[in-house]
Participant: 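First the structure, which I've put down as structure tokens, then a few questions once you've had a look.
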Amino acid sequence: MLVSSLFATMMVPALPVQAAGIRSVQVGEAQIVIRFDEAVGGATSFVLAGPDRIAIDVSDAEPGPAATASSSLVASVRQGRPDGQSTRVVLDLARPAVIGRGSFSADGKALTLAIAPASDGQFEAAARSAPRAITNPAIGFSKPPRSTYSVSTTLDPAAKGLPRPKIYGPKGRPLIVIDAGHGGHDPGAISPVAGQREKDITLSVARKVRDEIIAAGRFRVALTREDDRFLVLRERSAIAKNLGANLFISIHADSAGGSGATGATIYTLSENASDAEAAKLAARENKADILNGVNLGGENAEIASILVDLAQRETMNSSSNFANLLRREASSDLRLRSDYHRMAGFAVLKQPDMPSILLEIGYLTNSEDVDRIASETGQRRIATGLRKAIDIHFAQRVAMR
Ligand code: ZN
């Protein structure tokens with residue numbers, strides 16, 4: 001009762017000029033289609049528990065006519081205005097369901113989202129996940145979504161066109177792209193030990209990994225950034241994808257509440273985080289996108305758990321195999337934690353056909369870890385460990401052909 005009267009109040013129009021109207025909301029068994037009379041700014045979808053709902057915020061849109069659901073998953077459809085600029089479409093769920101990949105039509109006037117039944121566990125994981133943004137290609141970046149959690153800073157010039165970094169190494173060899181986490185106005189975590197910044201350590205490690213691989217002469221390497229610059233998360237894997245990378249390794253350094261946590265952790269992509277800590281870390285790392293003023297956190301190409309296709313599954317397996325190889329070949333070089341392999345929905349790992357890992361090389365909150373990961377020797381060992389696992393990873397792939 002309270003909820004519906006709240007919504008009634010929110011529907012009192014306080015409309016911005018030139019907002020597009022919602023023409024119709026169609027909720028079917030497998031998909032939701034929202035049509036508008038003009039192109040809208042973009043959309044964000046998220047899942048809420050207790051009562052269980054799916055919400056879709058459409059920026060620069062006005063509510064439209066009442067809609068009914070013809071789906072066993074959805075009991076009712078409501079529209080409201082959480083702020084003066086967007087319309088929230090709320091689907092009250094009849095049973096647990098999650099929302100998947102979404103995309104706009106070419107003219108930007110229709111948004112289609114997948115919906116599928118979910119287990120209680122999948123639903124809970126979805127409810128803990130960050131909102132998923134869907135950019136409208138018809139609008140592009142000229143009209144950034146006015147998301148409530150964006151802070152306004154200007155976009156770095158690098159965000160406008162994908163940088164094409166230099167590729168090192170002999171032609172025709174497999175390409176490994178190393179991504180130094182953070183950079184530019186985003187320092188990442190800052191160590192309470194002596195103020196070391198994650199962005200500096202990750203860059204230094206990435207360079208050493210590059211040098212180590214090049215010295216071995218069997219592979220090509222590129223770095224997503226070679227200096228102190230900001231890159232949007234999705235750009236990082238997109239750069240690698242663009243270059244045709246065969247393996248993508250994103251380097252980060254962890255931080256924890258206390259000084260006790262120590263060691264390196266390997267993360268691979270999963271739609272369902274392996275535990276709450278992994279989910280929290282993914283949310284923190286994914287936030288770097290939102291900090292840049294435009295939320296590019298999720299794109300049309302995003303693959304949702306319910307729609308994971310075979311290619312993605314193979315890539316996830318390949319990523320997991322590489323994580324296991326790192327354990328076998330480089331456990332002591334990397335100082336891996338005992339629970340060394342964890343899974344979470346990192347934006348940076350979401351290229352569907354490129355094996356990708358995110359390596360948290362150690363804790364900036366632990367003084368021994370800082371000594372190791374900020375030192376020349378410690379960084380060289382990390383590079384050596386990665387190179388050994390890379391050698392075997394590609395040797396295995398050749399053997400499988
Ligand atoms: Zn980081």
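Each ligand, and each atom within it, is numbered from 1 in the order the structure gives.
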Participant: If you look only at pairs with a residue in residues 368-393, which of them pass as a ring pair (Phe, Tyr, Trp, His ring centres under 6.0 Å), with sequence neighbours excluded?
Facilitator: F322-H393
Participant: Can R210 be said to sit on top of Y168's aromatic six-ring, NZ or CZ under 6.0 Å from centre and within 45° of the ring axis?
Facilitator: yes
Participant: Is there side-chain contact between H252 and E198, with heavy atoms separated by less than 4.5 Å?
Facilitator: yes
Participant: N/O/S atom of E360 under 2.8 Å from the Zn ion (ligand 1), yes or no?
Facilitator: no
Participant: Taking the Zn ion (ligand 1) as the reference point, name the nearest N/O/S atom of E198.
Facilitator: OE2
Participant: Side-chain contact, heavy-atom cut-off 4.5 Å: L203 with R225?
Facilitator: yes
Participant: Any idea which N/O/S atom from H182 gets closest to the Zn ion (ligand 1)?
Facilitator: NE2
Participant: In H252, which N, O or S atom comes closest to the Zn ion (ligand 1)?
Facilitator: ND1
